[in-house]
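In what follows, chains are A, B, ... by sequence order, proteins preceding strands, each numbered from 1.
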Number of protein chains: 2
Amino acid sequence: MGTRETIVEAAMAIVRDQGVARLTLDEAARKAGISKGGVLYHFKSKDDLIRGMVQRLIDQCDQLNQEYYQREPEGPYRWARTLVRACFDPTGPANDPVGGALLAAVTVNPVLMEPVHAMYAKWMERLASDSPDMTRAGLICTAMDGLYFQRLMGLRLCEADACERLMNHALELLTPKEGEPS
Amino acid sequence: MGTRETIVEAAMAIVRDQGVARLTLDEAARKAGISKGGVLYHFKSKDDLIRGMVQRLIDQCDQLNQEYYQREPEGPYRWARTLVRACFDPTGPANDPVGGALLAAVTVNPVLMEPVHAMYAKWMERLASDSPDMTRAGLICTAMDGLYFQRLMGLRLCEADACERLMNHALELLTPKEGEPS
DNA sequence: CCTACTGTACCGTCCAGCCGGTATAGTAGG
DNA sequence: CCTACTATACCGGCTGGACGGTACAGTAGG
């Protein structure tokens, strides 16, 4: 694995385990097993490092969504269903406990959120492309954001089984019944 | 208004207008029109100040929920409907643009989240007390969290009208139809 | 030797928390 | 009424440490 990736990985781990405040160049270097100079060689500033973290998250999400999309049967709400399934992937970035605290790090510098905004816009576009009822799809996907939020905040509302019921219920709501007005 | 409240108010404003990173004792003092010493007289540390902010948020939420609960007709999902309505209150804490960035401030010190956890637990209890289908209620309320998350992150997915449609759709899903199971 | 990369030493800034001080009000004893 | 003492509220300078960023001196592989 490239040094760059190692550093990003280390930075993520720090945020996850110790909170955003603890993310410093020194600490990231230590955790990555190199020196601060090394970190600053690869990322020319702390903001730059955070940018790297954000990009990584986006890439992971994109990849995961792509995979689930392939696997999801065609039909209405295919993208919405994909998003739901990806959100519950136990290995995905959404389930890294407090992992996305990356986004919290971003709170410090809102400008760094722009790539995320772009990602969201893309998702919405996809969602709109195959959702018979965009309000319905939006509501369900917003619930997925809620799940993410709860994880970020350390709220443990979903025990494993309640979690699965939640997912199934969301999917049900995205499966138009026969004879139901779209 | 007591000095304590003034300080909390000032701190909130800073976080809302300038981001968490800008929240310092000096700045809070300046904005509140007193000196740093004064701030530290009322809150013995920065963490303590943040604790005060969290408490204020909780109190506001509680009050808002109480109000909406009174106004909400009896019947199944009364609490769930209350939470939905409160979430869309334009003057409520949930709609203070980026206001809840308070929670982001908290990201800095996860320990300070404990009161919020307690609040959540109470909400869940209430929710469970009058929801025929807890999975349904949980999903909808999680969507409300998602809304909050999107606001925190500066994602503007709800234009005013889409927002209203979302709320109505959520309420519909909490209004059991005649002849529907459960 | 040169390029890519890593390590170390250091600088300037910022900030939390401390502390000594001031002002005001209340209270008690004589 | 006056003095001594105490409590509350607030002020602002100081300091020690942390952190981002720079400069520069290696060093290993090609």
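At whole-Å resolution of the value, CG in A/D48 and C1' in D/dC19 are 17 Å apart. At whole-Å resolution of the value, CZ in B/F43 and P in D/dA9 are 13 Å apart. Going from atom CD1 of A/I14 over to atom P of D/dC19 covers 11 Å, rounded to whole Å. Atom-to-atom, CZ of A/R4 to P of C/dC5 comes out at 11 Å; the value is rounded to the nearest Å. Between B/L25 atom CG and D/dT15 atom P there is a gap of 19 Å when expressed in whole angstrom units. B/L23 places its CG atom 12 Å from the P atom of C/dG17, with the value rounded to the nearest Å. Computed from coordinates, the A/K44 NZ to D/dA23 C1' distance equals 18 Å when rounded to whole Å. Separating the CD1 atom of B/I34 from the P atom of D/dC11 is a distance of 6 Å, rounded to the nearest angstrom.
Classification of B/R165 and B/D161 as a salt-bridged pair holds, one side-chain N sitting under 4.0 Å from a carboxylate O. Using a 4.0 Å cut-off between charged side-chain N and carboxylate O, A/E72 and A/R78 make no salt bridge.
Judged by the 6.0 Å and 45° rule, B/R151 forms no cation-pi pair with B/Y148.
In this structure, of D/dC19, C/dA16, C/dG7, it is D/dC19 that holds the atom nearest to the side chain of A/T24. When distances run from any side-chain atom of B/S35 to the nucleotides C/dT6, D/dG20, D/dC10, the shortest one goes to D/dC10. Comparing D/dC11, C/dG17, D/dG20 by their nearest atom to the side chain of A/K46 picks out D/dG20.
A donor-acceptor pair under 3.5 Å is formed between the side chain of B/R136 and the backbone N or O of B/L173. Put simply, the side chain of A/D130 never gets that close to the backbone of A/P76: no donor and acceptor are under 3.5 Å apart.
Contact between the side-chain N/O atoms of B/Y41 and the OP1/OP2 oxygens of D/dC10 is not found at any separation under 4.0 Å. An OP1 or OP2 oxygen of D/dG12 is reached within less than 4.0 angstrom by no side-chain nitrogen or oxygen of B/K36. A close approach under 4.0 Å does occur between a side-chain nitrogen or oxygen of B/T3 and OP1 or OP2 of D/dC10. Contact check, A/H42 against C/dT6: a side-chain N or O comes under 4.0 Å of OP1 or OP2.
A/L40 comes within 4.0 angstrom of a base, heavy atoms only.
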